[in-house]
Amino acid sequence: MSSAFIHLSAVVDAGAQIGSGTKIWHFSHLMAGAVIGSNCILGQNVFIDNGVTIGNGVKIQNNVSVYNGVIIGNDVFIGPSVVFTNVINPRSFIERKHEFKQTTIEKGVTLGANVTVICGITMGVYAFAGAGSVITSNVAPFALVYGNPARQKGWVSKAGQPLIFNELGESQCPQTGERYLLRNNKVVTF
């Protein structure tokens, strides 16, 4: 943790693991069981609960709480005020910590500002959720989703660019030139 930057106003409980090059900004709080990878940026007022694992190169913008049961892969972008949940039917008068559902945000995913992620889902690699979306079901790799509830509206490349597939199911990222193949409603690189 010696090569991480932790702002003086941040609270990092003893036992939290923070990778090298990570920056923890104003008024953030990491619980003792949090595991944060290297080269991450946690913006102002970010809360990371016990049992949360965050990969390398993750950017979490201001005012995000990541609760127990959430696993975040490498190179994920989490926009400002994104909301994660961990219980399907919470009640203040019923203890349901044994009912936490795992939520997995895989490598390269983008969650736009104010996205809400209902617990128990998986967002596949490089999926992209537009601002304000409510994610209520699993999202395929490379899928572009938005709305409430979020619905798939297309496909995106690793660079987040729209993919338009030809009659052979082939596409090319307009930014990087990387090629993609669509088969059986699944996108792969080739």
Side-chain angles (χ1 to χ4, degrees), residues 1-88 90 92 95-135 139 141 145 150 156 158-160 175:
M1 194 160 59
S2 62
S3 65
F5 168 82
I6 301 170
H7 191 271
L8 292 174
S9 66
V11 175
V12 177
D13 293 347
Q17 299 175 41
I18 302 171
S20 65
T22 289
K23 296 178 179 157
I24 314 284
W25 288 101
H26 309 75
F27 311 112
S28 291
H29 183 186
L30 276 63
M31 299 289 285
V35 178
I36 313 298
S38 61
N39 301 311
C40 295
I41 299 173
L42 277 62
Q44 181 174 307
N45 195 36
V46 170
F47 172 75
I48 308 296
D49 202 356
N50 287 308
V52 170
T53 301
I54 296 174
N56 301 320
V58 172
K59 293 182 181 176
I60 302 178
Q61 302 300 299
N62 298 349
N63 305 313
V64 175
S65 294
V66 184
Y67 297 112
N68 191 320
V70 178
I71 298 169
I72 298 173
N74 295 334
D75 304 319
V76 168
F77 177 86
I78 300 174
S81 302
V82 165
V83 175
F84 290 96
T85 65
N86 59 8
V87 173
I88 284 291
S92 66
E95 185 71 33
R96 292 200 162 123
K97 289 183 179 176
H98 64 282
E99 296 180 23
F100 287 173
K101 296 191 179 293
Q102 181 175 307
T103 298
T104 304
I105 309 299
E106 294 183 346
K107 178 183 174 94
V109 166
T110 292
L111 300 175
N114 294 302
V115 166
T116 298
V117 181
I118 303 302
C119 61
I121 64 97
T122 296
M123 288 196 67
V125 296
Y126 301 106
F128 196 113
S133 297
V134 179
I135 311 299
V139 177
V145 298
V156 294
K158 288 180 183 179
Q175 181 177 338

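Just so it is clear, the model here is predicted, and its values are computed rather than measured.
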Quiz item: Quick one: CG on Asn45 to CD on Gln61, what's the gap to the nearest 0.5 Å?
Solution: 13.0 Å
Quiz prompt | Side-chain donor or acceptor of Asn62 paired with backbone N/O of Gln44 under 3.5 Å | solution = yes
Quiz item: What's the spacing between Ile105 CD1 and Met123 CE if we round to 0.5 Å?
Solution: 6.0 Å
Quiz item: Would you call Ile118 and Thr103 a side-chain contact if the rule is heavy atoms closer than 4.5 Å?
Solution: no
Exercise. Would you indicate whether the side-chain heavy atoms of Ile36 and Leu42 approach each other to under 4.5 Å?
Key: yes
Quiz item: Where do Leu30 and Ala16 come nearest, in terms of heavy atoms and distance?
Solution: CB-CB, 4.3 Å
Quiz item: If you look at every heavy atom in Val52 and Tyr67, which pair is closest and at what distance?
Solution: CG2-O, 3.3 Å
Quiz item: Should Asn114 and Val82 count as side-chain neighbours, where that means a heavy-atom distance under 4.5 Å?
Solution: no
Exercise. Ignoring hydrogens and angles, tell me if any N or O in the side chain of Glu106 forms a donor-acceptor pair with the backbone of Val125 under 3.5 Å.
Key: yes
Quiz item: When rounded to the nearest 0.5 angstrom, what distance separates CD in Glu99 from CG in Asn86?
Solution: 10.5 Å
Quiz item: When rounded to the nearest 0.5 angstrom, what is the spacing between CZ in Phe84 and SG in Cys119?
Solution: 12.0 Å
Quiz item: Between Ile60 and Ile41, is any pair of side-chain heavy atoms under 4.5 Å apart?
Solution: no
Exercise. Please confirm whether the backbone N or O of Ala150 pairs with a side-chain atom of Ser133, one donor and one acceptor, at under 3.5 Å?
Key: no
Quiz prompt | Thr110 (side chain) donor-acceptor with Ile78 (main chain) under 3.5 angstrom | solution = no
Exercise. Enter the distance from Lys23:NZ to Ile6:CD1 here, rounded to the nearest 0.5 Å.
Key: 13.0 Å
Practice problem: Check Val46 against Asn63 and note the closest heavy-atom contact, atom names and distance. | Solution: CG2-N, 4.5 Å
Self-check item: Non-neighbouring partners of Asp49 that pass side chain to side chain donor-acceptor pair (under 3.5 Å), sequence neighbours left out
Solution: none
Exercise. For the residue pair Ile72 and Val66, establish whether any side-chain heavy-atom pair is separated by less than 4.5 Å.
Key: yes
Self-check item: pair His7-Phe27: side-chain heavy atoms closer than 4.5 Å
Solution: no
Self-check item: Donor-acceptor pair, side chain of Asp75 and main chain of Gly108, under 3.5 angstrom
Solution: no
Self-check item: Taking every non-hydrogen atom, the tightest pair across Ile24 and Ser28
Solution: CG2-CB, 3.8 Å
Exercise. Walk me through it: do Val87 and Phe100 pass the test side-chain contact (heavy atoms from CB on, under 4.5 Å)?
Key: CA-CA 5 Å; Val87 173; Phe100 287 173; 3.5 Å; yes
Quiz item: Closest heavy-atom contact between Lys101 and Ile88?
Solution: CE-CG1, 3.4 Å
Quiz item: Between Asn68 and Asn50, is there a donor-acceptor pair closer than 3.5 Å when you use the side chain of the first and the backbone of the second?
Solution: yes
Quiz item: Donor-acceptor pair, Thr22 side chain versus Cys40 backbone, under 3.5 Å?
Solution: yes
Quiz item: For the residue pair Trp25 and Phe5, does the interplanar ring angle fall in the parallel (under 30°), tilted (30 to 60°) or perpendicular (over 60°) class?
Solution: tilted
Quiz item: Is a donor on one side and an acceptor on the other found under 3.5 Å between the side chain of Asn56 and the backbone of Gly37?
Solution: no
Quiz item: Distance only, no hydrogens: is a donor on one side chain within 3.5 Å (strictly under) of an acceptor on the other, for His29 and Asp13?
Solution: yes
Self-check item: Check: Thr104/Gln102 side-chain N/O donor and acceptor closer than 3.5 Å
Solution: yes
Quiz prompt | Interatomic spacing from CD1 in Ile18 to CD1 in Ile54 - rounded to 0.5 Å | solution = 10.0 Å
